[in-house]
J.: 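Pasting in a structure now, in C-alpha cells, and then I'll have a few things to ask.
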Amino acid sequence: MDAPYAIEMLNITKKFPGIIANDNITLQLRKGEIHALLGENGAGKSTLMSVLFGLYQPEEGQIKKDGKVVDIKNPNDANALGIGMVHQHFKLVECFTVLDNIILGVETTKNGILQKDEARKKVLALSEKYGLAVNPDAIIEDITVGMQQRTEILKMLYRDNEILIFDEPTAVLTPQEIDELMAIMKNLAAEGKSILFISHKLNEIMEVADRVSVLRKGKYIGTVDVEGTTKEDLSRMMVGRDVDFVVQKQPRTPGEEILKVENLTVASKIHKNNAVKNVSFNVRKGEIVCIAGIDGNGQTELVYALSGLEPAAGGKISLLGKDITNTSIRDRSVMGMSHIPEDRHKHGLVLDYSLEYNMVLQRYFEPEFTKNGFLDKPAIRKYAERLIEEYDVRSGQGPITRARSMSGGNQQKAIVAREIDKEPELLIAVQPTRGLDVGAIENIHRQLVAQRDKDKAVLLVSLELEEVMSVPDRILVMYEGEIVGELDPKTTTVEELGLYMAGAKRQ
C-alpha cells in the first residue's frame with residue numbers, strides 16, 4: 001500500500017457574499033514534495049490555503065493529514081498539526097524585532113520571565129542552516145520586504161512545522177532573493193518537509209515544483225507533473241486562452257522633458273547614510289524609463305521623494321518645467337503625476353473603504369464627482385463601474401465591495417485602473433505587476449505602452465528582470481543609492497544588467 005498523503009483536501013467548498021471562492025476542490029500533497037497551486041488573481045488559491053490554515057471554515061469537504069481526518073478550527077490547531085503558512089501580505093508586528101516576531105506565541109519563559117537567549121541561538125542556527133540571513137534585533141518596519149519574508153519563513157521553521165504553505169512568496173522579492181528562496185525550498189523538501197507553493201509565475205513553478213494543481217474561477221481544472229508540461233500549457237489551463245509573453249511596442253522618438261531630477265538626495269530611515277545620493281535623470285514624453293536594481297538600493301526612497309511621501313534632503317525635482325521639490329502630494333497629483341505605489345496596503349488603498357470610493361480617492365473633489373459641495377454618489381458609482389469593467393477588477397459585490405476583502409491581485413488592478421485613468425502627464429509605476437497573473441501582466445504592460453504612445457512619460461520601477469528587459473525604452477540601474485548605469489534594453493543582456501545591479505560594474 002502507498003504511503004498516505006501528507007495532506008488531502010477533499011471536495012472543499014467555501015462561499016463568500018456574492019461569490020463561491022472554492023467550488024468542490026480536491027488537492028493532494030505528497031510527503032516531501034513541492035506542490036504548486038496555480039491560478040489567476042481571484043481564482044481561490046489563497047482562500048483554499050486559508051481553509052487549510054484554519055483562517056476560514058469550509059461549508060463542505062474534509063481535510064486529512066497522514067490519512068486521518070482532522071478538524072482545523074483556527075491557526076493554533078494548524079500549528080499543532082505542524083502546518084505553517086507564509087502569507088502574501090505578511091502577518092508581522094511592525095514595531096517588534098525580528099526575534100520577537102519569530103517567537104511570538106511560543107515564547108520560552110522561566111518564572112514568568114522571557115528567555116530570549118535560547119530562542120536567539122535557535123533562530124541563528126536555523127538561519128545559518130537554511131541560508132536565511134537575518135538580523136534578529138532589527139525592527140520589522142525598518143527592514144526590506146525580502147527580510148520580512150525571511151522572518152516569516154523562520155517563524156514556521158522555529159515551530160518545527162512540516163507542512164509549509166508559501167502564499168505568493170516571490171511577489172515582493174528581487175531576482176537574487178527569488179533564486180535564494182528557490183534553493184531554500186528545495187532544501188526544505190529534501191529534508192522531508194512538504195510544501196504547498198501558491199504562485200502564478202510560471203518560470204518559478206517550472207524550476208522548483210514537482211507537481212502543479214490549477215484553479216480557475218474557484219474551480220479545480222487539474223493536476224499535472226511539471227516534467228511533462230510547458231509554460232504555454234500551464235498558462236492555457238490557468239487563463240483559459242493563449243497568452244502573449246512578448247511585450248508588443250513600436251519604436252518612438254521621445255519628446256520634451258516631463259520629469260527632471262537634479263542632484264537629488266534623500267535621507268535613509270534605517271542608517272546614517274543617505275538612501276539616495278546625488279541622483280540626476282530625466283523622463284521625456286513618449287518614453288518608458290525603468291529604474292532597475294536589487295531591492296533596498298534607494299528605489300523606494302527615490303519614489304517617496306518624487307511622489308511627495310518623504311521630503312528630499314537636497315536637489316531639485318521639476319515636473320513640466322515647474323519646481324515641485326516642496327509641493328504637497330495633492331498638488332503633484334493635480335499637476336499631472338500618478339503613482340502606483342510599492343506597498344498597496346500602506347499607500348495605495350483605504351482598506352475599509354468600498355472599491356468605488358478607493359477609485360476616486362484623489363479626485364473626489366473634482367466637479368465630475370461633486371454636486372452642491374457634496375459627493376455625487378451615482379456619478380462615483382458609474383465611474384467605478386466603468387473602471388471595474390475596463391480593467392477586469394474582480395470582486396464579490398462590485399463597486400460596494402470592501403477593498404480589504406479583495407484578492408491582492410485585484411486590489412492591484414484597482415490601483416492601476418485609478419492611476420492610469422487620471423490621464424497623467426507622468427505615471428510613476430512601482431512594481432505595477434507585483435502579484436499579478438500572466439493575463440493581467442500582459443494587460444498592464446499593454447496599458448503602460450499605451451500611455452507612452454499617447455505621449456505621456458512613464459517611470460517604471462521594477463525588480464522583475466523580464467519586465468526590466470521587455471517594457472522600457474531606457475534602463476537606469478540603481479546601486480547603493482546611485483545610478484551606476486544607463487542601458488538600452490535592445491542591446492544589453494540579462495547578465496550585463498545583473499552585474500550593474502550587483503555593483504560589479506558601473507559606467
Side-chain angles (χ1 to χ4, degrees), residues 255-262 264 266 281-289 291 300-312 315-344 346-350 353-384 386-387 390-391 399 403 412-430 432 447-448 450-461:
E256 69 206 63
E257 199 170 60
I258 298 288
L259 174 72
K260 186 173 189 187
V261 177
E262 300 166 87
L264 183 67
V266 187
F281 66 94
N282 67 357
V283 188
R284 296 165 298 183
K285 261 188 180 177
E287 75 168 344
I288 301 175
V289 173
I291 303 249
T300 302
E301 290 84 355
L302 171 69
V303 170
Y304 281 5
L306 296 178
S307 60
L309 284 167
E310 288 281 329
K316 183 177 169 189
I317 307 165
S318 312
L319 182 65
L320 300 164
K322 296 192 187 80
D323 183 348
I324 60 161
T325 318
N326 299 311
T327 53
S328 70
I329 295 178
R330 181 190 276 197
D331 286 347
R332 296 179 203 214
S333 173
V334 171
M335 279 176 72
M337 178 188 288
S338 268
H339 174 210
I340 298 168
E342 176 178 17
D343 186 331
R344 50 182 171 238
K346 216 179 205 168
H347 300 131
L349 298 164
V350 180
Y353 277 14
S354 63
L355 178 54
E356 59 187 359
Y357 281 171
N358 272 292
M359 291 296 202
V360 294
L361 276 183
Q362 294 145 311
R363 302 181 57 184
Y364 63 88
F365 50 83
E366 292 179 9
E368 188 186 335
F369 304 116
T370 55
K371 210 173 187 175
N372 308 328
F374 291 94
L375 290 178
D376 182 349
K377 290 186 178 169
I380 291 174
R381 172 141 319 164
K382 196 172 155 196
Y383 175 71
R386 175 173 74 77
L387 290 193
E390 274 178 35
Y391 287 81
Q412 186 72 3
K413 285 186 197 172
I415 295 170
V416 168
R418 174 186 75 205
E419 297 302 327
I420 287 183
D421 200 73
K422 276 167 57 188
E423 292 283 319
E425 292 304 316
L426 170 70
L427 173 64
I428 300 176
V430 189
Q447 300 280 359
L448 293 177
Q451 288 302 303
R452 154 195 184 259
D453 293 347
K454 284 185 190 165
D455 257 350
K456 309 293 189 189
V458 181
L459 179 65
L460 170 69
V461 179

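It should be emphasised that the depicted structure is a prediction, and the values quoted were computed from it without experimental measurement. Note: hydrogens, waters and symmetry copies are ignored here, and every other heavy atom, side chains too, is used.
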J.: Can you check side chain to side chain contact (heavy atoms under 4.5 Å, CB included) on Glu257 and Leu320, steps first, answer last?
T.: CA-CA 7 Å; Glu257 199 170 60; Leu320 300 164; over 6 Å; no

J.: Would you say that Lys456 contacts Glu425 through its side chain, given a criterion of any heavy-atom pair below 4.5 Å between the two side chains?
T.: yes

J.: Has the side chain of Ser318 got a donor or acceptor atom that lies under 3.5 Å from a matching backbone atom of Gly321?
T.: no

J.: Out of Ile415, Leu459, Val303, which one pairs with His339 under the side-chain contact (heavy atoms from CB on, under 4.5 Å) rule?
T.: Val303

J.: Can you tell me how far the CD atom of Glu356 sits from the NZ atom of Lys382, to the nearest 0.5 Å?
T.: 14.0 Å

J.: If you look at every heavy atom in Ile329 and Ser307, which pair is closest and at what distance?
T.: CG1-O, 3.6 Å

J.: Please identify which of these residues, Val266, Leu309, Leu306, meets the side-chain contact (heavy atoms from CB on, under 4.5 Å) condition with Glu301.
T.: Val266

J.: Between the side chain of Ser328 and the main-chain N/O of Asp331, is any donor-acceptor distance below 3.5 Å?
T.: yes

J.: Identify the two heavy atoms, one from Met335 and one from Ile324, that lie closest to each other, and give their separation to 0.1 Å.
T.: CE-CG2, 3.6 Å

J.: Would you say Arg452's side chain and Ala457's backbone share a donor-acceptor pair under 3.5 angstrom?
T.: no

J.: So, using side chain to side chain contact (heavy atoms under 4.5 Å, CB included) as the criterion, who are the partners of Gln447 when residues are at least two apart?
T.: Tyr391, Ile420, Asn443

J.: Taking C-beta and beyond as the side chain, do Pro424 and Met337 meet within less than 4.5 Å on heavy atoms?
T.: no

J.: Starting at CG of Leu426, measure out to CD of Gln451 and round the result to the nearest 0.5 Å.
T.: 10.5 Å

J.: Working to the nearest 0.5 angstrom, can you tell me the gap between Arg284 CZ and Asp455 CG?
T.: 12.0 Å

J.: Which atom names give the shortest non-hydrogen contact between Leu264 and Ala305, and what distance separates them?
T.: CD2-CB, 4.2 Å

J.: Side chains of Lys377 and Tyr357: does their closest heavy-atom pair fall under 4.5 Å?
T.: yes

J.: Might you confirm whether atom OH of Tyr353 has over 12 heavy atoms from other residues, nucleotides or ligands at distances under 6.0 Å?
T.: no

J.: Just verifying a value: how many Å separate Phe369 CZ and Asp376 CG, rounded to the nearest 0.5 Å?
T.: 9.0 Å

J.: Looking at Arg332 and Ile317, what are the two nearest heavy atoms and their distance?
T.: NH1-CD1, 4.4 Å

J.: If you apply the rule side chain to side chain contact (heavy atoms under 4.5 Å, CB included), what do you find for Leu259 with Asn282, and how did you get there?
T.: CA-CA 5 Å; Leu259 174 72; Asn282 67 357; over 6 Å; no

J.: For residues Val416 and Pro432, report the shortest heavy-atom separation together with the two atoms involved.
T.: CG2-O, 4.1 Å

J.: So do the side chains of Thr300 and Glu342 get within less than 4.5 Å of each other, counting heavy atoms only?
T.: yes

J.: State, yes or no, whether a side-chain contact exists between Ser338 and Gln362 at a heavy-atom distance under 4.5 Å.
T.: no

J.: Looking just at side-chain N and O atoms, do Lys322 and Thr327 make a donor-acceptor pair shorter than 3.5 Å?
T.: no

J.: Out of curiosity, Met359 CE to Leu349 CG, how far, rounded to the nearest 0.5 Å?
T.: 9.5 Å

J.: How about Glu419 and Leu427: do any of their side-chain heavy atoms sit closer than 4.5 Å?
T.: yes

J.: Does NZ in Lys260 sit with more than 12 non-hydrogen atoms of other residues, nucleotides or ligands closer than 6.0 Å?
T.: no

J.: Is any side-chain heavy atom of Tyr304 closer than 4.5 Å to one of His347?
T.: yes

J.: Between Leu448 and Leu460, what is the shortest heavy-atom contact and its length?
T.: CD1-CD1, 4.3 Å

J.: Considering residues at least two apart in sequence or located in another chain, which fulfil the side chain to side chain contact (heavy atoms under 4.5 Å, CB included) criterion with Tyr364?
T.: Arg330, Val360, Leu375

